[in-house]
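First the structure, in the form of structure tokens, and then the observations on it.
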Amino acid sequence: MFGFGKNKGEPAKAGAATTPAAAAPAASIPRGLMVGRMQDWQLTVDKVLDHAKANHAHREIVTRSVEGPIVRETYGDLYARARQVSAALLEDGVVPGDRIATLAWNSGNHMETWFGTMGIGSVLHTVNPRLFPEQIAWILNHAEDTHLFFDLTFIPIVQKIHSICPMVRRYVLLTDEGHMPRDTGIPNLVSYERFIAGKTQDVTWGGFDENTAAGLCYTSGTTGNPKGVLYSHRSNVLHTMFSLQKDCMGLGVEDTILPIVPLFHANAWGITFSAPAVGAKLVMPGAKMDGESVFQLLDSEKVTFSAAVPTVWLMLKQYLEETGNTLPHLKRVVIGGSAVPEAILKTFEDKYEVQVFHAWGMTEMSPMGSMGSTVPEFMARGTDAVQKNKLKQGRAPFGVEYKITDDDGKELPRDGKSAGHLLVRGPAVAGSYFKGDGGQILDKDGWFDTGDVANLCELGYMQITDRAKDVIKSGGEWISSIDIENFAVGHPAVANAAAIGLPHPKWDERPLLIIELKPGASASREEILNYLNGKIAKWWMPDDVQFIDKIPLGATGKINKLSLRQTFKEHKLPTIQAAE
Ligand code: ADP
């Protein structure tokens with residue numbers, strides 16, 4: 001039998017929870033307080049898959065494989081194969097705490113690698129393949145990954161980086177022998193199917209402290225080097241529980257879930273854990289996320305719930321409009337990662353009868369930070385009011401605390417107007433970065449500054465008005481670049497929009513609106529400004545509009561404002577002369 005004690009190395013705190021019926025440890029409870037007499041059932045993620053196997057063994061995981069065909073397995077199969085991954089890793093010398101990297105799309109194989117790694121106390125490190133190869137190599141070296149599991153799609157990346165990643169001693173190509181390419185030049189390369197073939201399922205999972213590290217995900221690092229967020233088993237399990245609240249993702253065994261948001265983007269917003277926890281059927285999109293491919297899966301697998309960034313919904317919306325197809329099965333979608341444009345919200349709700357939930361979060365929050373559920377006070381106000389309110393980022397699920405402060409750290413009122421720095425606290429929020437990078441990241445009361453600027457209303461709705469670094473400061477007041485962008489993309493000719501602040505002698509900064517038009521569409525500066533007129537406050541109106549071919553996006557699909565500021569740094573606003 002494989003497992004701790006039979007291999008080199010030790011779990012982070014060995015022996016903390018080997019007997020599930022043991023009482024909670026009393027060591028940290030001060031004298032005078034009573035010790036509770038409940039079981040010490042450590043919150044480790046292997047228990048999620050144990051539960052799925054025991055209760056939902058026949059529910060399916062369906063993958064559109066990178067090789068082409070649709071592949072079907074059950075939670076029972078996934079459990080068995082994940083244990084084989086564990087055995088293969090242990091046989092290959094992996095010890096608890098080792099980092100195992102993946103460069104992979106959402107698939108059953110990726111899930112098996114995920115649970116197979118975490119179950120034995122090693123750390124699953126998802127890497128974003130949309131980064132440049134040099135950035136990927138930097139991250140692999142910083143994490144000191146020993147193994148890299150990757151999809152066929154990413155062979156060219158691995159060919160570029162293997163010679164500069166000396167710590168990686170095994171490359172596992174997530175495919176079978178029949179699809180193994182010849183002469184890749186990648187050392188110590190083995191196919192996934194060969195790697196796990198014939199391996200025992202008799203391995204020990206869990207049995208270590210719930211604070212043991214389980215996963216690693218780097219932030220995109222738009223300023224400075226990327227920083228690693230090191231999730232623990234406990235943070236993942238608690239995140240799973242609170243994301244399952246009815247007013248959060250509210251998933252159940254009757255759901256068929258298509259997580260389009262990648263596993264490499266903050267744990268696919270936790271769905272890798274929450275779906276097996278409730279036995280929901282999973283549909284994994286593999287490499288294809290265009291409108292047609294997404295529609296095919298939604299339709300053929302009768303998907304009821306999905307989650308993705310606005311860009312994906314925009315592509316699906318365009319596809320549906322071109323083909324006249326509809327969404328008879330889909331009931332709910334979560335949209336987050338960046339603000340939901342009104343046009344997307346209204347189209348999906350009004351035309352396709354799909355309920356839209358706006359979510360906000362970040363890698364450092366595991367990532368769920370809010371969900372746009374509707375409180376009864378709003379339901380009574382009618383559809384328009386409800387939809388308008390859904391453009392806000394939503395409310396805190398139990399397990400997340402908010403505080404809004406001004407520049408001096410003074411807490412601002414929950415009046416729906418006062419915008420300030422959004423601070424968060426909770427058991428699934430980062431306490432520090434991997435290797436201590438970035439130093440102390442919490443204030444003295446344990447609050448983490450999200451870098452977002454937001455307001456909070458008395459009903460608990462939080463509205464992001466900007467990133468602290470993107471806010472446009474005009475005459476001492478803050479203008480929300482996000483609001484301007486959201487309205488601008490509502491114009492029928494506009495594909496994407498970005499607002500940035502440019503220096504202004506009188507006002508300090510004034511907004512410049514940058515527009516990418518839809519292919520073949522046209523619109524003038526005046527048309528855009530007229531369209532915005534009356535939708536946003538007068539003093540928020542952009543001082544100028546510029547058109548570019550393509551708005552640059554970062555690796556997580558968000559607008560790269562750093563690059564736009566660089567491009568337009570010499571641009572002189574036409575209002576400057578008037579002010580001088
Ligand atoms: P990265 O910071 O690496 O780009 P994250 O996914 O961690 O990737 O990004 C988190 C940030 O994305 C948040 O701090 C916020 O600025 C932005 N964001 C996420 N969801 C939303 C949303 N619904 N509306 C507006 N901004 C969002």
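Whatever order the structure lists ligands and atoms in, that order sets their numbers, starting from 1. The chain is numbered in sequence order, starting from 1. Remember, predicted model here, so these are calculated numbers, not experimental data. The figures that follow rest on heavy atoms only: side chains count, while hydrogens, waters and symmetry mates do not.
At a 3.5 angstrom cut-off on N or O pairs, Ala339 counts as close to ligand 1. For ligand 1, none of its N or O atoms has an N or O atom of Gly336 under 3.5 Å away.
For an aromatic pair to be called close, the ring centres must be under 6.0 Å apart, and Trp138 with Phe132 fails this. Residues Tyr218 and His142 bring their aromatic ring centres within 6.0 Å.
At least one heavy atom of Gly361 sits under 4.0 Å from some atom of ligand 1. Residue contacts with ligand 1 include His265, since one or more of its heavy atoms lies under 4.0 Å from the ligand. Residue Pro367 places no heavy atom under 4.0 Å from ligand 1.
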query: What's the verdict on side-chain contact (heavy atoms from CB on, under 4.5 Å) for Leu258 and Leu298, showing C-alpha distance, side-chain angles and the deciding distance?
result: CA-CA 8 Å; Leu258 175 72; Leu298 289 173; 3.7 Å; yes
message: As a quick check of understanding, evaluate salt bridge (charged side-chain N to carboxylate O under 4.0 Å, His left out) for Asp445 and Arg425, giving each step before the final call.
response: CA-CA 9 Å; Asp445 299 316; Arg425 244 178 4 189; 5.8 Å; no
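Near Thr363, with a cut-off below 4.0 Å to any heavy atom, the atoms of ligand 1 are 5 (P), 6 (O), 7 (O), 8 (O). The contact set between ligand 1 and His358, taken as ligand atoms under 4.0 Å from a residue heavy atom, comprises 22 (C), 23 (N), 24 (N). Near Gly337, the atoms of ligand 1 lying under 4.0 angstrom from a non-hydrogen atom of the residue are 12 (O), 17 (C), 18 (N), 19 (C), 20 (N), 21 (C), 27 (C). Residue Gln393 approaches ligand 1 through these ligand atoms, each under 4.0 Å from one of its heavy atoms: 22 (C), 23 (N), 24 (N), 25 (C).
With hydrogens and angles ignored, the 3.5 Å screen pairs no side-chain donor or acceptor of Asp151 with any backbone N or O of Thr153.
Between atom CD1 of residue Ile404 and atom CG of residue Asn455 there is a gap of 6.5 Å, rounded to the nearest 0.5 Å. Between the NZ atom in Lys473 and the CZ atom in Arg510 there is a gap of 15.5 Å [rounded to 0.5 Å].
Residue contacts with ligand 1 for Ala266 are absent, since no atom lies close enough (heavy atoms, distance under 4.0 Å). Here Arg467 has side-chain heavy atoms under 4.0 Å from ligand 1, and that is the only part of it that gets that close. With a heavy-atom cut-off of 4.0 Å, Asp452 touches ligand 1 through its side chain alone.
Here the side chains of Gln135 and Pro226 are not in contact, with every heavy-atom distance at 4.5 Å or above.
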